[in-house]
Amino acid sequence: MKITGYINLYRSGWFHREGKPGAFDLHAGDVYPTLESAQREIEPRTHYLATGPVCWPSHQAVAPNPT
């Protein structure tokens, strides 16, 4: 079984450098348990590109941090 989380993608230049050879000028933000929670936390909106799912095996015990 797999666990699915959602990750926001951003243009480089805010927290990560642009122009790294062989890489896209984008970087990932934090992983959230739901699409809705990921979209609520988009920051900065000026660098936001997309939100997408990421999956990992359920035997790798990873849970959301306490609020």
Side-chain angles (χ1 to χ4, degrees):
M1 185 172 163
K2 293 191 179 255
I3 297 173
T4 300
Y6 294 86
I7 193 165
N8 294 326
L9 296 175
Y10 300 91
R11 279 188 303 109
S12 294
W14 184 256
F15 294 112
H16 294 266
R17 70 183 174 105
E18 294 177 290
K20 186 174 181 180
F24 290 100
D25 280 338
L26 63 85
H27 73 276
D30 296 317
V31 179
Y32 296 89
T34 66
L35 177 62
E36 294 78 16
S37 61
Q39 291 176 332
R40 275 195 306 271
E41 297 296 327
I42 294 169
E43 181 63 32
R45 291 207 173 263
T46 57
H47 282 61
Y48 172 74
L49 295 173
T51 301
V54 292
C55 299
W56 59 91
S58 60
H59 71 273
Q60 294 177 335
V62 178
N65 298 324
T67 55

Residue pair Thr51 / Leu9, side-chain heavy-atom distance below 4.5 Å =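 Thr51 does not reach Leu9 side chain to side chain.
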Honestly curious: do Phe24 and Tyr10 fall in one hydrophobic cluster under the side-chain, below-4.5 Å linking rule?
->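 No, Phe24 and Tyr10 fall in different hydrophobic clusters.
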Hydrophobic cluster membership, Val54 vs Ile3, 4.5 Å side-chain cutoff =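 The answer is yes; both residues are in one hydrophobic cluster.
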Return the set of residues passing side-chain contact (heavy atoms from CB on, under 4.5 Å) with Asp30 (not counting sequence neighbours), or none when no residue passes.
->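 Listed in chain order: Tyr32.
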What residues form a side-chain contact (heavy atoms from CB on, under 4.5 Å) with Glu36, not counting sequence neighbours?
->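 With sequence neighbours excluded, Glu36 shows a side-chain contact (heavy atoms from CB on, under 4.5 Å) to Thr34, Arg40, given in chain and number order.
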Applying side-chain hydrogen bond (donor to acceptor under 3.5 Å, both in side chains), name anything that partners Thr4, two or more places apart in sequence or on another chain.
->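 With sequence neighbours excluded, Thr4 shows a side-chain hydrogen bond (donor to acceptor under 3.5 Å, both in side chains) to no residue whatsoever.
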Between OH of Tyr48 and CD of Gln39, what distance do you get to the nearest 0.5 Å?
->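 Between atom OH of Tyr48 and atom CD of Gln39 there are 5.5 Å.
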From CD1 (Ile42) to CG (Leu49), nearest 0.5 Å |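 One finds 10.5 Å between CD1 of Ile42 and CG of Leu49.
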What pairs with Tyr6 under ring-ring contact (aromatic ring centres under 6.0 Å, His included), at least two apart in sequence or on another chain?
->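 Per chain and number, Tyr6 pairs via ring-ring contact (aromatic ring centres under 6.0 Å, His included) with no residue.
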Say whether, by atom type as modelled, one donor and one acceptor occur between the side chain of [X] and the main chain of [Y] under 3.5 angstrom.
X     : Y     : result
Asn8  : Ala38 : yes
Ser58 : Met1  : yes
Asp25 : Ser12 : no

Side chain to side chain contact (heavy atoms under 4.5 Å, CB included) between Arg11 and Leu26, intermediate numbers included | CA-CA 4 Å; Arg11 279 188 303 109; Leu26 63 85; 5.9 Å; no
Nearest heavy atoms of Lys2 and Cys55, plus distance in Å =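 The answer is CD-CB, 4.1 Å.
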